[in-house]
Amino acid sequence: MLNIQSVHKKYGASSVLNDISFQVNPGEIVGLVGENGAGKSTLLHIIATLQKASSGTLSLDKIPYKGRLKTVRKRIGFVPQEIAIWEDLTVEENMIFFEKLAWKKRSVSALRQLCLEMELHKWKEKVHTLSGGMKRKLNIAISLIHDPELLLLDEPTVGIDLKSKQEIMHYLKKLAKEEGKTIIYTSHDMDEIMNLCDYTYCLGQDAFYETFLTERGQEVIALS
Ligand SMILES: Nc1ncnc2c1ncn2[C@@H]1O[C@H](COP(=O)(O)OP(=O)(O)OP(=O)(O)O)[C@@H](O)[C@H]1O
Ligand SMILES: [Mg+2]
């Protein structure tokens with residue numbers, strides 16, 4: 001279980017996250033929504049151990065972040081808002097490169113299988129020849145190499161076609177429901193949020209998203 005207590009984040013004098021507390025249980029797919037600049041990426045970076053909160057406490061499976069960041073990091077997969085892969089390498093070379101950096105060792109056939117499960121069939125092609133949707137899938141596959149229990153996805157379906165989106169949704173649901181992975185997902189596409197997420201946390205003062213989703217039957221919890 002991910003447990004976040006009274007997290008604050010300031011950049012200089014400007015406060016981005018104010019007293020954020022929530023929990024996420026294993027196997028849940030949770031949406032994180034809010035307007036541009038609400039602090040979604042900042043919060044995901046803090047959960048991913050890539051940024052530090054100004055104050056507050058976090059724990060994953062009762063392991064506190066404080067003093068144990070490396071241990072916690074091994075359990076987390078993170079898909080950043082900007083695609084982060086090597087354009088001049090093939091899909092295979094990217095998977096092998098990131099496997100070498102990963103905490104768990106995987107065979108080449110297991111890496112290939114990971115891509116196939118995401119309907120990413122191109123293996124020998126250079127990344128710069130792939131469509132945006134395929135690159136997104138590769139980024140997600142890379143985040144799963146070390147078999148993390150918590151997967152954080154920051155707008156992973158921006159600019160991709162409906163078919164690829166649905167393939168990604170289908171795969172994420174499978175990861176949560178069959179493998180018990182916990183998923184936190186940010187998106188500005190509310191259809192996606194309603195289709196994918198068990199419930200949704202809403203960041204920021206503006207109640208627009210909260211009202212929009214609640215009116216359509218989605219369970220929404222305001223975080224600040
Ligand atoms: N490194 C930084 N230094 C200073 N301010 C920052 C930094 N990173 C983010 N911010 C500011 O913090 C606020 C929250 O940014 P963040 O990227 O977390 O929002 P977001 O909800 O992910 O927005 P978007 O929907 O556009 O992706 C913004 O006002 C942003 O300008
Ligand atoms: Mg963002």
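Keep in mind that what you see is a predicted model, and the values were worked out from it rather than measured. Whatever order the structure lists them in is the order used to number ligands and atoms, beginning at 1. In what follows, every heavy atom counts, from backbone to side chain, and hydrogens, waters and symmetry copies are set aside.
Atoms of ligand 1 found under 4.0 Å from any heavy atom of H188 (numbered from 1 in listed order, with element): 25 (O). Atoms of ligand 1 lying under 4.0 Å from any heavy atom of E35, numbered from 1 in the order shown and given with element: 21 (O). Counting the atoms of ligand 1 from 1 in the order shown, those under 4.0 Å from a heavy atom of A38 are 19 (O), 21 (O). Near E155, the atoms of ligand 1 lying under 4.0 angstrom from a non-hydrogen atom of the residue are 25 (O), 27 (O).
No hydrogens or angles considered: nothing links the side chains of T200 and Y209 as a donor-acceptor pair under 3.5 Å. Under 3.5 Å, the side chains of N94 and K135 contain no donor-acceptor pair of N or O atoms.
Linking ILVMFWY side-chain heavy atoms closer than 4.5 Å, directly or via other members, places L114 and V108 in a single hydrophobic cluster.
Given atom 25 (O) of ligand 1, the protein heavy atom at minimum distance is K40 NZ, 2.7 Å. For atom 24 (P) of ligand 1, the nearest non-hydrogen atom of the protein is N36 ND2, 3.6 Å. Closest protein heavy atom to atom 3 (N) of ligand 1: Y11 CD2, 3.5 Å. The nearest protein atom to atom 17 (O) of ligand 1, hydrogens excluded, is given as S41 CB, 3.7 Å; this is a heavy-atom distance.
Heavy atoms of Q81 found under 4.0 angstrom from ligand 1 belong exclusively to the side chain. If you look at V16 next to ligand 1, the close heavy atoms, those under 4.0 Å, all belong to the side chain.
Using a 4.5 Å cut-off on side-chain heavy atoms (C-beta onward), S54 and K9 make contact. You'll find the side chain of K137 reaches within 4.5 Å of the side chain of I168, heavy atoms only. The closest side-chain heavy-atom distance from L32 to L223 is below 4.5 Å. Side-chain contact check for K122 versus T129: every heavy-atom pair is 4.5 Å or farther apart. At a threshold of 4.5 Å between non-hydrogen side-chain atoms, the residues I193 and R216 do not count as touching.
Residue G34 places no N or O, backbone or side chain, under 3.5 Å from any N or O of ligand 1.
Distances from atom 18 (O) of ligand 1 to the heavy atoms of T42, D154, I46 put T42 nearest. Here the shortest heavy-atom distance to atom 28 (C) of ligand 1, taken over S15, G204, G37, belongs to G37.
One finds the NZ atom of K105 at 9.5 Å from the CD1 atom of I145 (value rounded to the nearest 0.5 Å).
Formation of a donor-acceptor pair under 3.5 Å by the H146 side chain with backbone atoms of R106 is not found in this model.
The existence of a salt bridge linking E93 and K126 is excluded, since no basic side-chain nitrogen approaches an acidic carboxylate oxygen closer than 4.0 Å.
Within a 4.0 Å radius of atom 31 (O) of ligand 1, the protein has no heavy atom. Proximity of atom 7 (C) of ligand 1 to the protein is indicated by at least one non-hydrogen atom lying closer than 4.0 angstrom.
The set of protein atoms (N, O or S) found at less than 2.8 Å from the Mg ion (ligand 2) reads S41 OG, Q81 OE1, by chain and number.
Around the NZ atom of K173, the shell of radius 6.0 Å holds more than 12 heavy atoms that belong to other residues, nucleotides or ligands.
When the ring pair (Phe, Tyr, Trp, His ring centres under 6.0 Å) test is applied to Y201, the partners found at least two apart in sequence or on another chain are F22, Y199.
The only member of I29, L43, D154, L2 that meets side-chain contact (heavy atoms from CB on, under 4.5 Å) when paired with I184 is L2.
Under a 4.0 Å heavy-atom criterion, H45 is not in contact with ligand 1.
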